[in-house]
Amino acid sequence: PSFRLLYQQLNIPRADITIKAIGSTWKWSYEYPDHGNFSFVSSMQTDQERAERIAKGTPAGEVPRLLAVDNEVVVPVGKVVRVQVTASDVIHAFAVPSFGVKIDAVPGRLNETWFRATREGLYYGQCSELCGKDHAFMPIAVRVVSDQAFAAWVEDAKKRFASTAPAT
Ligand SMILES: [Cu+2]
């Protein structure tokens, strides 16, 4: 049974949406080629930034230490999300345990993986390839939302990240 699972894991189904995750020292950037190709950088929040968000009303459970980021990856629930993974400097690895996803982010190579989240919520992962000083401090935060909330987020993100230069 494990061999069948391993095979199916690598067999990428027809994707509903594609996102590209780019590892760099020491943060992730994300591109949304299907939604106007905006991109943004996702950086870990410091203890002080987390404290400020909690003070402003964010539930503490949504900003866990070493995992909370400024800009989360947002994806729709129930959809096949293809994740293209690469890196801009050294090798990193994109891992989100709740989705069973773990794949190397290698400079000069575009790897692919996929997941389909069955429930809304916030899911975390971490870089899983030792990549230098702040290896422990470049988390992945994926927020799974309804189709409507995703569409609203995309509209907002297009404006918010329009002025941001491409990450790589
Ligand atoms: Cu890394």
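Taking the six-membered ring where the residue is Trp, Phe40 and Phe38 present parallel rings, their angle staying beneath 30° rather than reaching 60°. A tilted orientation is assigned to the rings of Phe99 and Tyr123, their planes being inclined by 30° to 60°.
Remark: the backbone N or O of Lys56 is not paired with any side-chain donor or acceptor of Thr58 at under 3.5 angstrom. Asn111 places a side-chain N or O within 3.5 Å of a backbone atom of Asp104 that can act as its donor or acceptor partner. Remark: side-chain polar atoms of Asp89 are not paired, donor with acceptor, to backbone N or O of Ser24 under 3.5 angstrom. Checked by atom type and distance alone, the side chain of Asp16 pairs as donor or acceptor with a backbone atom of Val80 at under 3.5 Å. In this structure a side-chain-to-backbone donor-acceptor pair under 3.5 Å is present from Trp26 to Cys131. Side chain of Glu49 to backbone of Thr46: a donor-acceptor contact under 3.5 angstrom is found. In terms of modelled atom types and a separation under 3.5 Å, the side chain of Thr86 and the main chain of Ala105 share no donor-acceptor contact. A donor-acceptor pair is defined here as one N or O able to donate and one able to accept, closer than 3.5 Å; no such pair exists between the side chain of Ser42 and the backbone of Glu72. Between the side chain of Trp114 and the backbone N or O of Gln9 there is at least one donor-acceptor pair closer than 3.5 Å.
Both Tyr30 and Val154 belong to a common hydrophobic cluster when Ile, Leu, Val, Met, Phe, Trp and Tyr are linked at side-chain heavy-atom distances under 4.5 angstrom. Clustering ILVMFWY residues whenever any of their side-chain heavy atoms sit less than 4.5 angstrom apart, transitively, puts Val81 in the very cluster that holds Val77. Residues Val144 and Trp153 fall within the same hydrophobic cluster, defined by Ile, Leu, Val, Met, Phe, Trp and Tyr side chains chained together at heavy-atom separations under 4.5 Å. Note on Val63: it does not cluster hydrophobically with Leu67, by side-chain heavy-atom contacts below 4.5 Å among ILVMFWY residues. If you chain together hydrophobic residues whose side chains sit under 4.5 Å apart, Val69 and Val74 never meet in one group.
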Next on the checklist: Run the side-chain contact (heavy atoms from CB on, under 4.5 Å) test on Val73 and Trp28 for me, step by step, so that the C-alpha distance in whole Å, both residues' side-chain angles and the decisive distance to 0.1 Å come before the verdict.
Outcome noted: CA-CA 10 Å; Val73 198; Trp28 292 92; over 6 Å; no
Item to check | Step-by-step side-chain contact (heavy atoms from CB on, under 4.5 Å) determination, Phe94 to Val83 | outcome: CA-CA 10 Å; Phe94 184 89; Val83 192; 4.2 Å; yes
Checklist entry - Between Glu129 and Val90, is a side-chain contact (heavy atoms from CB on, under 4.5 Å) present by the stated rule, with each step listed? => result CA-CA 9 Å; Glu129 181 69 45; Val90 299; over 6 Å; no
Next on the checklist: side-chain contact (heavy atoms from CB on, under 4.5 Å) for Gln126 and Met44? Distances and angles first, verdict last.
Outcome noted: CA-CA 10 Å; Gln126 290 176 302; Met44 192 188 78; over 6 Å; no
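The residue from Ile140, Val85, Thr113 that alone fulfils the side chain to side chain contact (heavy atoms under 4.5 Å, CB included) condition with Val101 is Thr113.
With contacts defined as side-chain heavy-atom distances shorter than 4.5 Å, the pair Pro107/Ile91 qualifies.
Note: His35 NE2 to Glu155 CD = 9.5 Å, rounded to the nearest 0.5 Å.
In the displayed structure, Arg53 atom CZ is contacted under 6.0 Å by more than 12 heavy atoms of other residues, nucleotides or ligands.
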